[in-house]
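The structure appears below as structure tokens.
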Amino acid sequence: MRVILFGASGMVGQGVLRECLLDRDVSDVLAVGRSPLNQQHEKLREILHEDLTNLDAIQEQLQGYGTCFFCLGVSSAGMKEVDYRHVTYDLTMAAAQTLAKLNPGMTFIYVSGAGTDSSGRSMWARVKGETENALFQLPFKAAYMFRPGLIQPLHGIKSKTRIYRVFYVVLGPFIPWLMAAFPKYVTTTEQMGRAMIIVARQGAPKRVLESQDINDVH
């Protein structure tokens, strides 16, 4: 399996990258982003590209891949809708449209979020939902939307967002209990990565996977 990974420096992306590098079926990973990962591995190659809404200059390097894990995203807290839409919808669709054209046999897996709803009142949920719907319209071999709720970071992984780091420090000791008590709402960075690889490899009965569905993938 040859994987293109967007958002490898984020909390979810770090977890997905870790599992990809450990998985025997993943032959190589191409991480596309704006900043270096400062990580070396025989499977890993990086492309640093400032404008992720326009991938024309690196198109040739994106050919020949069968899987894309799109983990790039930001918190909507304090953001205007136009700015959040640019990062969440415009950037995602620019990358996805390019990849669909270059690799029509690709499986595209997008990390969305619990509560996503294109007709909802919440701005972030509506934009995420519109992004999911647009991705389903592209001519990929398959597309799956992962909607995790609370994610427990494992193996030293940390969020880039300060408020989330504080949240995990405070709530960290209770997350294993929450996961056992509420598996429908809690998963881990490790399980996210494992589930995405498995779904990319063998498919899933649902195109949209909530936290419970993610935890059930083995």
Side-chain angles (χ1 to χ4, degrees), residues 1-8 10 12-13 16-17 20 25-34 45 47 49-74 76 81-120 123-148 192-193 195-210 213-214 217:
M1 182 189 301
R2 304 191 71 210
V3 173
I4 294 178
L5 175 59
F6 285 83
V12 174
V16 174
L17 176 59
C20 284
D25 287 345
V26 177
S27 60
D28 58 295
V29 180
L30 177 63
V32 182
R34 298 189 183 99
R45 187 165 70 88
I47 294 179
H49 189 71
E50 185 62 31
D51 184 7
L52 296 179
T53 62
N54 186 343
L55 303 180
D56 290 350
I58 61 171
Q59 280 195 36
E60 291 186 6
Q61 300 177 71
L62 303 177
Q63 294 178 339
Y65 288 83
T67 302
C68 177
F69 296 141
F70 201 92
C71 307
L72 187 62
V74 295
S76 64
E81 181 168 348
V82 63
D83 297 324
Y84 183 72
R85 179 176 293 276
H86 176 70
V87 176
T88 302
Y89 184 92
D90 297 344
L91 192 153
T92 302
M93 293 308 300
Q97 288 166 350
T98 297
L99 292 174
K101 178 180 66 176
L102 297 173
N103 305 298
M106 173 175 274
T107 294
F108 190 97
I109 298 183
Y110 175 66
V111 177
S112 186
T116 293
D117 182 357
S118 60
S119 61
M123 178 272 284
W124 75 265
R126 187 174 64 254
V127 174
K128 283 275 192 182
E130 291 173 9
T131 305
E132 289 185 352
N133 293 341
L135 288 170
F136 280 135
Q137 300 303 313
L138 295 179
F140 288 115
K141 173 186 174 183
Y144 298 96
M145 309 298 132
F146 275 46
R147 293 181 178 178
M192 281 286 292
M196 291 172 78
I197 292 169
I198 292 170
V199 169
R201 184 166 55 221
Q202 61 192 39
K206 300 179 179 180
R207 296 197 301 173
V208 176
L209 289 83
E210 308 286 350
D213 304 312
I214 294 167
V217 176

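Quick note: residue numbers are just sequence positions, from 1.
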Residue that, paired with Val32, satisfies side chain to side chain contact (heavy atoms under 4.5 Å, CB included) out of Ile58, Leu72, Leu5: Ile58
query: Knowing that exactly one of Leu102, Leu99, Ile4 qualifies, which makes a side chain to side chain contact (heavy atoms under 4.5 Å, CB included) with Tyr65?
result: Ile4
If you look at every heavy atom in [X] and [Y], which pair is closest and at what distance?
X: Asn54; Y: His49; result: O-NE2, 2.7 Å
X: Val208; Y: Phe136; result: CG2-CZ, 4.0 Å
X: Tyr144; Y: Gly203; result: OH-CA, 3.4 Å
X: Pro139; Y: Ala100; result: CD-CB, 4.0 Å
X: Trp124; Y: Ser76; result: CB-OG, 3.5 Å

I'd like to check the salt bridge (Lys or Arg N to Asp or Glu O under 4.0 Å) partners of [X]; sequence neighbours left out, ordered by chain and number.
X: Arg147; answer: Glu132, Glu210
X: Asp28; answer: Arg2
X: Asp25; answer: Arg201
X: Lys206; answer: Asp213

Distance, nearest 0.5 Å, that separates [atom1] of [X] from [atom2] of [Y]:
X: Met196; Y: Thr67; atom1: CE; atom2: OG1; value: 10.0 Å
X: Phe6; Y: Leu52; atom1: CZ; atom2: CG; value: 6.5 Å
X: Gln61; Y: Ile47; atom1: CD; atom2: CD1; value: 4.0 Å
X: Thr92; Y: Leu135; atom1: OG1; atom2: CG; value: 7.0 Å
X: Asp90; Y: Tyr84; atom1: CG; atom2: OH; value: 12.5 Å
X: Arg126; Y: Asp117; atom1: CZ; atom2: CG; value: 10.0 Å

- prompt: How are the rings of Tyr110 and Phe70 set to each other: parallel, tilted or perpendicular (split at 30° and 60°)?
  reply: tilted
- request: Would you indicate whether Gln63, at its atom CD, is surrounded by more than 12 heavy atoms from other residues, nucleotides or ligands within a distance under 6.0 Å?
  value: yes
task: Not counting sequence neighbours, list each pair that qualifies as a side chain to side chain donor-acceptor pair (under 3.5 Å) and has a residue in residues 99-109.
output: none
query: Is a side-chain donor-acceptor pair under 3.5 Å present for Asn133 with Glu130?
result: no
Hey, are the side chains of [X] and [Y] touching, using non-hydrogen atoms and a 4.5 Å cut-off?
X: Lys141; Y: Met106; value: no
X: Phe69; Y: Cys20; value: yes
X: Phe146; Y: Val199; value: yes
X: Cys71; Y: Met192; value: no

- request: Applying side chain to side chain donor-acceptor pair (under 3.5 Å), name anything that partners Thr116, two or more places apart in sequence or on another chain.
  value: Ser112
